[in-house]
Amino acid sequence: MVICFLIHTVCPVNALSAGESRILYSRSFGPETGDGRDFTSEQKRLMQKEKLQIVSRQVRSAVALSREASGNPCAEAVLGEEAMALGEAECGVFSLGNVELFPDRSVVLWLGVQSLAFTLVCRPHENLLLAEGTLRSIARHCLEELRLLGPGSEVLLKSDRVDAMLHRLLPHGQLLFLNHRFAFSLDKEIASYVSK
Amino acid sequence: MYSAPTESLIKQAREIKEDELQKFYGRVFKLLHSKDQGGDTVDSLQRLHLILSATKYSRELPSDLASKLQTVLCSSSSPEQLQLLSSSILREISLSVHSLWSNVSQDSRTISYVASVVLSQAGNKEEVMPVCHHLLKSLESRLSEAQMSKHTLPILSKMISVYPDILTDDQVNVVSRKMVDWLRYASMQQGASVSSGGFFSGQRARQPAPLMEVDGVVTGDFFTVLCVGQSYTEDQWMNMYTFSMIRSWLLTFDAGGTSNAESDDRSEVDSSVMSMVSATSSSSRLLPPKERLREKTFEYCQRLIEQSDRKALKRTDTELQKACIVESVSIMDIICGEDPSYVYRAFPCIKALYGRLNGDLAYSRALIPIAQFYLNHSEMAAVDSEAVFRQLFGHCPAEQFNEPMLAFEFIQFCLLNTSTLQARVTTYRQSFPNLLKLLAWNSPGLISEFVELLPSLVASDTAIELLHTILDLPCLAAALDLQHRSSDRTSWDQQGAKVAACLDAFRQPFYRGLFLYILRPEVGTGDTIDRLRVLHGILADMADSPRVVRCAQVIPVLLHVYFNTVIQISDEKLMNQLMLVLLERSGLLYNIRTFHAEVQRVFSTHLQTLCKLHPSLIVDQSRELLDFVGSPSNIYSKEDFYTHVVWVIGEYLSVSYDTRCSVELITSFFESLEAVLFEITQVRQSASPPSFSPRLITVLMTTLAKLATRSQDLIPRVSLFLSKMRLFARSAPVTACYSEEDSEEIITRAHELINLLKLPNVAQFVLAPSAGGDGPRWHRDTNTSLPQSMRTISTLLHRHSSVLPT
């Protein structure tokens, strides 16, 4: 079960202090815990957004450390070179120890593609092989459908495309065992949605 | 990728003025009411979503707009894009879910979008109940799969993950029965393919085509997620959705009866009865729904494991096969845990799988659930698991330390099972050199896990080797980097030029032994090596590489955890060994910036702890300590640690702590320290400014005074020496180097000590209280109480203050 999915920056952003990350897209799947503590829905929303900020900051730092340690020069891919950008992307995982943040020991899986990162927060003891495959598939669709390698702002204005992708590939946070034919079928649906 | 226009768009969305916003709401409302369901409406909804989601503070929509959006969401005649946008907008505002469900269209897509809003807005179980009831009704009725929501199972799975008791027993049985049908009895032929048209298609009757395995062979057994066809039937889709959530379903609803929230007592009885029946699958039709589901899931997993042996034609499918192996083994593990009779059926399958995957590096991640299975069930099945763990701990980390996902899963496996591994798997603790490779390669990512894991690796027979390994972890990081580069000749990065010399050394036979030691997979080849300094020298160029620097940063915390653990299990012999390592390694560390200072600080803390716990260490190690404090060169290279060593000598070298402490011993320490203090405080014309801190002087002075109180013949000597300290503190190089306060402090301390030593018994009390000095007796007994003594001493000191030598 995936708790949330994020697309956020891992490059320096002028308006933000160093180490901060701008979240470009976020989707949380349903309530995380059933304990009906008495927060108003505004408070819950605020807490949720703050939690996502914390996660994105931690991912930013993890991406930076990973790139620094591997020392690989970052080739800048442009529109049309999505496959190459994905091939060069780094992948990593860490666990959120803090119990307050998400259900105990949730796992954060990230994929760093140039100046952006795609992040999944999963419940503990999830099938990480499956999660990684799903994350790569979603990232590939996002890169293509939102033209993320270009300078445009589709990620903000066409966020419904990401919703449509998640609706099919990760319905309600459920990771799916998709062989290439199931995946092809869903890809077709996504393509037909996007073309409208 | 991320550019200024995007950033300014976010800024605009956040800073939109209230009146502009209200006008915008009005426009959106009008557009939604108009017949236009295309460009403009979509555009404005997209902008509305951006405005609402760009800020963390909630905005409120006017109620008419909110209810119009709800209507759009709930009606199946709305185009999908509008439904989707409405659902994402409604998730961003505060909404009461009660109104939402009343007039929802019953088509699959609408149900799913509405459910996503309900699930994110629901505050408690009652609010998701209507959705739950609707889905269950559709499962109970004879609706075909085409008519019920495709996302029924993901939605249900989400609900039970948050509210495990949302389903009653009967409802669980209903769902279980449907899941059995979908898992085991889905159609065996391809779905009717959507005709792609074309000139020659048309009237030809389409025979349903058979399904294939991932390697192209026609499939002969029941449908699973690894069966491939041009298109799928609805129940085959449900097969895929079912398998995707079956593991969490099984975990939530075990055999006992209801969800895990219920008591375990009934489950014991039930499962023991059921286990006899479930042992033979032919009688499975007689089983209650939950047990039948377990049986069918087990068969499904066995089939998946067989299917994973095929060579897939597409890479996606190869990756899926790996994920299926991991999932199947985990599910079989769960099932065997619930019903031990399955263990005998499972083991042949798992053993064969292990045999197949063993040694294939591409499948290392699949070994972990297999190891978990062995750990949980091998005892019960009397199967030997030694080989599995030897492979896991002996080879995995050594060969694939640089794979972050594998490293993470490996460590999680260890963390989950520490007590079992410690108790039953000897190779676990023996393999700490291998385990630490994972940390050395990715220190920031795995340090918090290792802080928890390290105590389980500490054992008295290997503790010293472990300490040396931790201290040389940055060296290990450098060595692993070299090993990685030497096997991967194609990559060249920014570090390439710097490490060329190190790489050459790595390849030379002369240094082979050093690298073989540092890269060893397990304990037993010695605590450390003699030529450690040589190794540090070879790797000097890599001391500022990012990986090594990050590794060095985590060593202090690791050392703290180590010492806190080892002290609890140490006997006298081990403590002596630890002390020796502290003395020896304080000067023998890989030369990374600030690494020496940090490690020294940790050593100083734990030196004090060790000596406090076991003061006779001072006497046991007196020869080494004398050597150590007698060399002024130790001051220049490790002042902080040296200061602490002097301090513990002063504290604990006393007959009250160890009866072997003779006058000769005290005198030899005294003379050694006196000589050092003399050397470093020489007032000469050509003297250079002191390179040590004033604190060293005061500690040395105080320690000498302490030793003198224990062998009172030394008192005149020390008093004479101390009287010369004023000269030292007032000399030109010193006043140039130390602050006014520090110089004053040295002088003041010297005076206090001289005066104190004029009253030897008082001095003895003040400078070297016996071990019971912390006890309440010192405060309650009027003859020995501390306040009384302090008053006495102050008066005495003040009276004598005029008799100071100048």
Side-chain angles (χ1 to χ4, degrees), chain A residues 1 9 11 13-15 22 28-31 33-34 36 41-42 45-46 49-50 62 65 68-69 71-73 91-95 97 114-116 127-130 132-133 148-149 151 153 156-160 163-164 167 171-183 185 193 196, chain B residues 1-3 5-7 9-10 46 49-50 56-58 80-81 84-85 88 94 116 119-120 122-125 151 154-155 157-158 161-163 214 225-226 228-229 231 240 243-245 248 314 316-317 319-320 322-324 326-327 365 404-405 408-409 444-445 448 493-495 546-547 550:
Chain A
M1 206 94 255
T9 58
C11 56
V13 173
N14 281 339
R22 178 75 75 202
S28 300
F29 294 101
T33 53
S41 88
E42 285 86 18
R45 184 168 186 277
L46 187 59
K49 295 276 184 186
E50 302 269 308
L65 286 169
E68 177 197 53
N72 288 327
C91 189
V93 63
F94 58 87
S95 89
Q114 289 173 193
S115 44
L116 295 182
N127 186 329
L128 288 179
L129 263 172
L130 189 64
E132 190 187 342
L148 284 175
L149 292 174
S153 312
L156 295 178
L157 290 172
K158 306 228 183 291
S159 60
D160 59 302
D163 285 327
H167 184 77
H172 305 278
Q174 178 69 56
L175 291 167
L176 299 177
F177 286 84
L178 302 171
N179 63 43
H180 79 275
R181 291 307 306 180
F182 276 120
S185 208
Y193 176 91
K196 280 198 206 106
Chain B
M1 283 176 101
Y2 184 70
S3 55
T6 315
E7 180 68 16
L9 204 53
I10 295 184
Q46 284 169 337
H49 177 254
L50 175 60
K56 59 186 180 186
Y57 301 107
S58 328
E80 184 181 2
Q81 201 169 19
L84 203 159
L85 281 162
S88 54
S94 80
S116 72
L119 285 172
S120 73
N124 53 48
K125 197 168 69 169
H151 291 164
I155 299 172
S157 185
K158 179 79 212 176
S161 73
V162 182
Y163 309 108
V214 291
V225 294
L226 286 174
V228 167
S231 71
M240 184 270 291
F243 181 66
S244 300
M245 49 76 84
S248 66
K314 299 264 184 194
T316 323
D317 294 342
E319 296 306 309
L320 185 67
K322 288 184 202 164
C324 284
V326 167
E327 190 80 356
R365 283 170 77 177
M405 311 290 297
F408 180 79
E409 291 176 322
S448 42
D493 60 8
Q494 294 150 0
Q495 295 291 316
R547 203 180 295 281
R550 297 283 171 203

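As the structure is a prediction and not an experimental result, all values here were calculated from the model. Sequence lines set the chain letters: A, B, ... in the order given, protein chains first and strands last, and positions in each chain run from 1. These values consider heavy atoms only, across backbone and side chains, with no hydrogens, waters or symmetry-generated copies.
Counting heavy-atom pairs closer than 4.5 Å to chain B, the top-ranked of the candidates A:N14, A:L46, A:L149 is A:L46. Among A:T9, A:V13, A:D163, A:L116, the residue with the largest count of heavy-atom pairs under 4.5 Å with chain B is A:D163. Listed options A:H167, A:Q114, A:M1 were ranked by heavy-atom pairs under 4.5 angstrom with chain B; first place goes to A:H167. When A:E42, A:R45, A:R22 are compared by the number of non-hydrogen pairs under 4.5 Å with chain B, A:R45 comes out ahead.
Considering only heavy atoms from C-beta on, B:P444 stays 4.5 Å or farther from A:F94 through its side chain. Under the 4.5 Å side-chain criterion, counting only non-hydrogen atoms from C-beta, B:R365 is in contact with A:L128. Within the 4.5 Å cutoff, the side chain of B:S116 has no heavy atoms near those of the B:L119 side chain. Side-chain contact between B:L9 and B:L50 is present, with heavy atoms from C-beta onward closer than 4.5 Å. Residues B:Q46 and A:K158 form a side-chain contact, since some pair of their non-hydrogen atoms from C-beta on lies under 4.5 Å apart.
Heavy atoms closer than 4.5 Å to chain B are found nowhere in A:A62, neither backbone nor side chain. Contact annotation for A:S115: both backbone and side-chain heavy atoms come within less than 4.5 Å of a heavy atom of chain B. The part of A:Y193 that comes within reach of chain B is its side chain, from C-beta onward, which places non-hydrogen atoms under 4.5 angstrom from that chain.
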